[in-house]
Amino acid sequence: MLAALFAERRESEARLARANAMLERERDNRLLNAQAVTAVIAHEMRQPLGAIVTNADAALLWLERTPPNHDEARTTLTSIISDGHRASDVFDGIRALFGKKGSWERRPIDMNRLVLGVTDSLKEDLDRHGVAAHYELASELPLVNGHGVQLREVVFNLINNAVEAMVGTTNQSRMLRLRTEVCGREEIVVSVEDSGPGIDPRQLEKVFNAFVSTKAHGTGLGLAICRMIVEGHDGRLTASSDGKSGALFQFMLPIGSTDQGRRGLI
């Protein structure tokens, strides 16, 4: 009788311990998710907010000239408005990224136009760093179904990373190669290649891990977010490099169809 009571007590304690462990894991997961969302917001908002501050400073300089250069100030203020809209779009993209499955509809996206739009928005950065963009965009590229803001962030992050990788190169030209192509009948490929120092082949897969960065002041979130977005679009994101002559990032997306257009994003 006494042995049975001890056994029942031990079983009760074991159940209580398992329940406490489960509650702790759930708490930790919620904290981790909250930290991830916060980190993503900080990472994605840094560029548009930085651009707003830079353009605001430029507008003040144009207005403080004698006489004031109203045309340049007007152009700069227009850029601020554009950056403000982009910041709002980024919030919408993050909400979709962490939202419920099926909460966002996919829309037809022209990836050629999207790539050109991103490089156009980064033209000043490319010029400032002496980076020449070379395009090999497939004609009559099929549309893909997806979230335009999120896919734009993927292309933006990949191009921005490529530019940053080439900033320190002095012994060769800084070339950014952007390519789109059709792969078989079911998917398209978008490629972003730089002429920087490359990535150690042993570190290629690790660069997609959250909070892992090859940059001194990087957050380690950009590529993790990119892969999360691409996989949310039923695609794949890969990296290749020999560690000496640049890096190539490619993401594959399924070609759009009427049925896919009715599905949720994630």
Side-chain angles (χ1 to χ4, degrees), residues 33 36-37 39-41 43-45 47-48 86-119 121-122 135-138 140-162 177-193 204-205 207-210 212 219-240 247-266:
N33 287 337
V37 173
V40 168
I41 292 174
H43 178 273
E44 295 300 302
M45 292 301 295
Q47 197 279 334
R86 178 169 178 260
S88 178
D89 290 340
V90 167
F91 273 119
D92 290 340
I94 294 172
R95 186 185 300 126
L97 192 61
F98 290 96
K100 295 180 179 179
K101 291 184 178 181
S103 61
W104 289 83
E105 290 186 357
R106 302 190 184 205
R107 299 179 182 276
I109 306 293
D110 182 340
M111 290 304 298
N112 280 348
R113 181 177 297 179
L114 188 147
V115 167
L116 291 172
V118 172
T119 51
S121 70
L122 290 172
Y135 301 92
E136 297 177 19
L137 306 181
E140 300 182 2
L141 189 72
L143 301 178
V144 298
N145 282 317
H147 191 285
V149 174
Q150 288 189 359
L151 292 177
R152 185 185 188 282
E153 288 305 304
V154 171
V155 175
F156 176 88
N157 273 303
L158 295 180
I159 292 178
N160 195 55
N161 285 350
R177 295 180 176 84
L178 301 164
R179 184 169 63 253
T180 61
E181 56 189 317
V182 181
C183 182
R185 297 183 178 181
E186 299 182 351
E187 62 183 9
I188 68 166
V189 181
V190 180
S191 303
V192 178
E193 185 176 8
L204 281 174
E205 189 58 29
V207 299
F208 294 108
N209 294 342
V212 173
T219 62
L221 281 171
L223 290 175
I225 295 170
C226 288
R227 174 166 277 188
M228 184 177 180
I229 291 173
V230 171
E231 290 182 349
H233 284 73
D234 304 318
R236 295 167 289 129
L237 173 60
T238 64
S240 59
L248 170 65
F249 286 85
Q250 295 180 305
F251 63 94
M252 300 76 176
L253 296 172
I255 294 173
S257 69
T258 304
D259 291 336
Q260 284 178 318
R262 298 195 182 102
R263 295 168 55 193
L265 174 60
I266 298 176

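Pairing each heavy atom of N157 with each of C226, the nearest pair is CB-SG, 3.5 Å. Taking each heavy atom of L237 and L223 in turn, the nearest pair found is CD2-O, 4.3 Å. Here the shortest heavy-atom pairing between P108 and L143 reads CB-CD1, 3.7 Å. Contact between H233 and H147 at its shortest, heavy atoms only, is NE2-N, 3.0 Å. Scanning both residues, D234 and P254, for their nearest heavy atoms gives O-CD, 3.6 Å. Here the shortest heavy-atom pairing between V118 and F156 reads CG1-CA, 3.7 Å.
Inter-residue side-chain proximity for Q250 and C183 is flagged as unmet; no heavy-atom pair is nearer than 4.5 Å. No side-chain heavy atom of V190 sits under 4.5 Å from any side-chain heavy atom of L151.
E186 is linked by a side chain to side chain contact (heavy atoms under 4.5 Å, CB included) to nothing, counting only residues two or more places apart in sequence or in another chain. Legend: residues meeting side chain to side chain contact (heavy atoms under 4.5 Å, CB included) with R236, ordered by chain and number and at least two apart, are E187, M252. For R177, there are no side chain to side chain donor-acceptor pair (under 3.5 Å) partners, not counting sequence neighbours. Applying the side chain to side chain contact (heavy atoms under 4.5 Å, CB included) test to A162 and every residue at least two apart in sequence or in another chain returns L176, V192, D194. Every residue meeting the salt bridge (charged side-chain N to carboxylate O under 4.0 Å, His left out) condition with R179, not counting sequence neighbours, appears here in chain and number order: E181.
The residue from L141, L178, D110 that alone fulfils the side chain to side chain contact (heavy atoms under 4.5 Å, CB included) condition with V115 is L178.
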